[in-house]
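Notes follow once the structure below has been shown.
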Amino acid sequence: MGSCAALATLGASLRGRAEAAPAAVDPQPQTMPVSLEINGTRHDLTLDTRTTLLDALREHLDLNGSKKGCDHGQCGACTVLVNGRRINSCLSLAVMHEGDSVTTIEGLADGDSLHPLQAAFLHHDGYQCGYCTPGQICSAAGMLSEVEAGWPSHVTDDLTRKASLTDEEIRERMSGNICRCSAYPNIVAAIRDASTKI
Amino acid sequence: MKAFAYERPATVQDAARLAAERPSARFIAGGTNLLDLMKLQIETPATLIDVNRLPLAEVTETEEGGLRIGALVRNSDLAAHPRVRTDYAVLGKALLAGASGQLRNKATTAGNLLQRTRCYYFYDTTKPCNKREPGSGCAAIGGFNRIMAVLGASDSCIATNPSDMNVAMRVLDATVETVDPQGARRSIPIAAFHRLPGDTPQIETDLKPGELITAVTLPKPVEGVHLYRKVRDRASYAFATVSVAAIIAKGEGGKPRLAKLAFGGLAHKPWRVQAAEAALVETGSADAAADRVLDGARGQGSNDFKIPLTRRTLRATVAEALRA
Ligand SMILES: Cc1cc2nc3c(=O)[nH]c(=O)nc-3n(C[C@H](O)[C@H](O)[C@H](O)COP(=O)(O)OP(=O)(O)OC[C@H]3O[C@@H](n4cnc5c(N)ncnc54)[C@H](O)[C@@H]3O)c2cc1C
Ligand code: SF4
Ligand code: FES
Ligand code: FES
């Protein structure tokens, strides 16, 4: 990894230098090695530092289940689980995830048997075009662990108690996932149903 | 996005030093604000200093009975923290009223403090904006300004601070702890941390170049009803039009014996007026308090509605606190 070694040398030489700030120059594109565990398999990649986690998944690993709706954290279509937590993969750089474990929609099922959320979305028709669905399902998986861990939400009346998963709680906790087809009633039904089976 | 060098320092001191050495360096924490702005080339750092591996993700108790919140504590973890839920509910409620579950899992305490305005023209690189490009003008004055400030604005900039968390931090009298590239530490009271735009709207806080936030500390808890009321265009996942963070303790005869109030959506920083709190305690009247808060308020046309809305939001908040 030549460019990375160069980067490290550059870092060391700059660190050695006194306060004087060098004049601004537009840096050349930089690449770096990144190692990610994705759906249980380790991947060693060399990526431009600008690559988002979403682009790493879609463009470099052919995992195009995670969708790019807005690329600005506004729609939730890119939601994946990182170390078990749901995040927007479009607003995170792949290099920031060195060593992290990522679960995408492709990794939720157990072999041929669907994850309970996937089965419930099918059963309840929790989509129309399906574009938001991978993000909805990954988000719901993360959200259910948050409820399990006792995290409150904006609609939880008593912050000191563990909230029960009412439809109002599901809607609030899933508000970061937009569905342009407005399949919301069936999405809520699917999540409510799956929550009893996980 | 412009190319940048990426650094992952292992110590707080290395991070601050790197930031001083590199031209136009930025720290990156959750990245949920910075990357959004970098994609639009509103922020074009030549070096990104990833602070995520620094040991700043703990919430600990202080000797005075308060809390010290590490700069990297995620918004979701902070809102779920047992001490925040029982003793600093106004902070938990403000955090939970902001962004989405996914974003709160990434967003950090320091990043939230420093998130930049959502002014439409700041985001539109084809328009003049003194904050983005000092001296270019302000397209919001005389433009679409529904979300802009009604207090503390200047002829240079009428933007607001969009954070919910900051409003709660203000009502709780939090302190921002930092370390500078030379290793000097200092504590900045939240009241002095965010600045009004004046004629330098590009300077948003009291931080010096390269200064790294290490923690935010809260004094010991204030007893009373903790409320955060946020008025927005959707029921969830939208920035505040107007918001009120309040700690109100009921006293004799239906009047509060203690009142602390801070407002979001009104200005370039969380807005707090001590005279309004005194008026509320003295008279028990939310309107008397609103008069003090809105002293000098001026709309820009499409945001005139924020002035009566602030009054009504405060009335509802005070009524709820006294009912509780
Ligand atoms: C769609 C959307 C909706 C949102 N809705 C809301 C909302 O309703 N309410 C709300 O309050 N917020 C909302 N947000 C904003 C969100 O809260 C912020 O993006 C988040 O808090 C920023 O934190 P971060 O850690 O990701 O910051 P970053 O993006 O990593 O950094 C932000 C800034 O802080 C600086 N920084 C970070 N850490 C340090 C440190 N330790 N010391 C010094 N400087 C530091 C960075 O250099 C950068 O300038 C929303 C965001 C999005 C994308
Ligand atoms: S209000 Fe401030 S941020 Fe918005 S365009 Fe004017 S100068 Fe820029
Ligand atoms: S693509 Fe990431 S939130 Fe829309
Ligand atoms: S199913 Fe079409 S966007 Fe949700």
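First the proteins, then the strands, lettered A, B, ... as listed; each starts at 1.
Side-chain contact between Arg50(A) and Lys2(B) is absent, with no heavy-atom pair separated by less than 4.5 Å.
Taking CD1 from Ile87(A) and CG from Leu103(B), the interatomic distance works out to 10.0 Å, rounded to the nearest 0.5 Å. Distance CG/Leu159(A) to OG1/Thr86(B): 9.5 Å, rounded to 0.5 Å. The CZ atom of Arg104(B) sits 9.5 Å away from the NE2 atom of His154(A) when rounded to the nearest 0.5 Å. To the nearest 0.5 Å, the span separating OG on Ser236(B) from CD on Glu168(A) amounts to 10.5 Å.
Contacts between Ser92(A) and chain B at a heavy-atom distance below 4.5 Å involve backbone atoms as well as side-chain atoms. For a residue to count as touching a neighbouring chain, one of its non-hydrogen atoms must lie under 4.5 Å from one of that chain's; by this rule Leu93(A) touches chain B with backbone and side chain alike. The parts of Asn105(B) that come within reach of chain A are both its backbone and its side chain, each placing non-hydrogen atoms under 4.5 angstrom from that chain. Using a 4.5 Å cut-off between heavy atoms, Thr52(A) touches chain B through its side chain atoms alone. For Ala89(B), the parts sitting under 4.5 Å from any heavy atom of chain A are the backbone and the side chain alike. Residue contact with chain B, scored on non-hydrogen atoms closer than 4.5 Å, is absent for Met143(A). Proximity to chain A (any heavy atom under 4.5 Å) is restricted, for Arg53(B), to the side chain, taken from C-beta onward. For Gln28(A), the part sitting under 4.5 Å from any heavy atom of chain B is the backbone (N, CA, C, O) and nothing else. Neither the backbone nor the side chain of Ala94(B) comes within contact range of chain A; no heavy atom of the residue lies under 4.5 Å from a heavy atom of that chain. For Leu48(B), the part lying near chain A is the side chain, with the backbone staying farther off; criterion is any non-hydrogen pair under 4.5 Å. With a 4.5 Å cut-off on non-hydrogen atoms, Asp36(B) touches chain A through its backbone and its side chain both.
Other residues, nucleotides and ligands place more than 12 heavy atoms under 6.0 Å from the NZ atom of Lys208(B). For Glu148(A), the CD atom counts as loosely surrounded, since its 6.0 Å shell holds 12 or fewer non-hydrogen atoms of other residues, nucleotides or ligands. Other residues, nucleotides and ligands contribute at most 12 non-hydrogen atoms within 6.0 Å of the NZ atom of Lys220(B). Heavy atoms of other residues, nucleotides or ligands lying less than 6.0 angstrom from CG of Asp157(A) number 12 at most. Sparse packing is recorded around CZ of Arg161(A), with 12 or fewer heavy atoms of other residues, nucleotides or ligands lying under 6.0 Å away. More than 12 heavy atoms of other residues, nucleotides or ligands shown are found within 6.0 angstrom of CD on Gln41(B).
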Show your reasoning for whether side chain to side chain contact (heavy atoms under 4.5 Å, CB included) applies to Gln74(A) and Ser100(B).
CA-CA 9 Å; Gln74(A) 299 174 352; Ser100(B) 66; over 6 Å; no
Kindly determine whether Met96(A) and Asn52(B) satisfy side chain to side chain contact (heavy atoms under 4.5 Å, CB included), including the steps that lead there.
CA-CA 8 Å; Met96(A) 293 164 71; Asn52(B) 283 288; 3.5 Å; yes
Give the intermediate values and the outcome of side chain to side chain contact (heavy atoms under 4.5 Å, CB included) for residues His72(A) and Leu35(B).
CA-CA 8 Å; His72(A) 285 277; Leu35(B) 289 171; over 6 Å; no
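Scanning both residues, Arg86(A) and Gly101(B), for their nearest heavy atoms gives NH2-CA, 3.7 Å. When all heavy atoms of Pro27(A) and Ala46(B) are compared, the pair lying nearest together is CG-O, 3.6 Å. Heavy-atom minimum distance, Met32(A) versus Tyr6(B): SD-CD2, 3.3 Å. The nearest pair of heavy atoms linking Ala235(B) to Glu172(A) is O-OE1, 4.4 Å. Heavy-atom minimum distance, Asn88(A) versus Gln102(B): OD1-CB, 3.2 Å. Of all non-hydrogen atoms in Gly176(A) and Tyr237(B), the two that sit nearest each other are CA-CE2, 3.4 Å.
Using a cut-off of 4.0 Å between Lys/Arg side-chain N and Asp/Glu carboxylate O, Arg85(A) and Asp77(B) are scored as salt-bridged.
Of the residues considered (Ile178(A), Thr160(A), Asp71(A)), Asp71(A) shows the highest number of contacts with chain B, using heavy-atom pairs under 4.5 Å.
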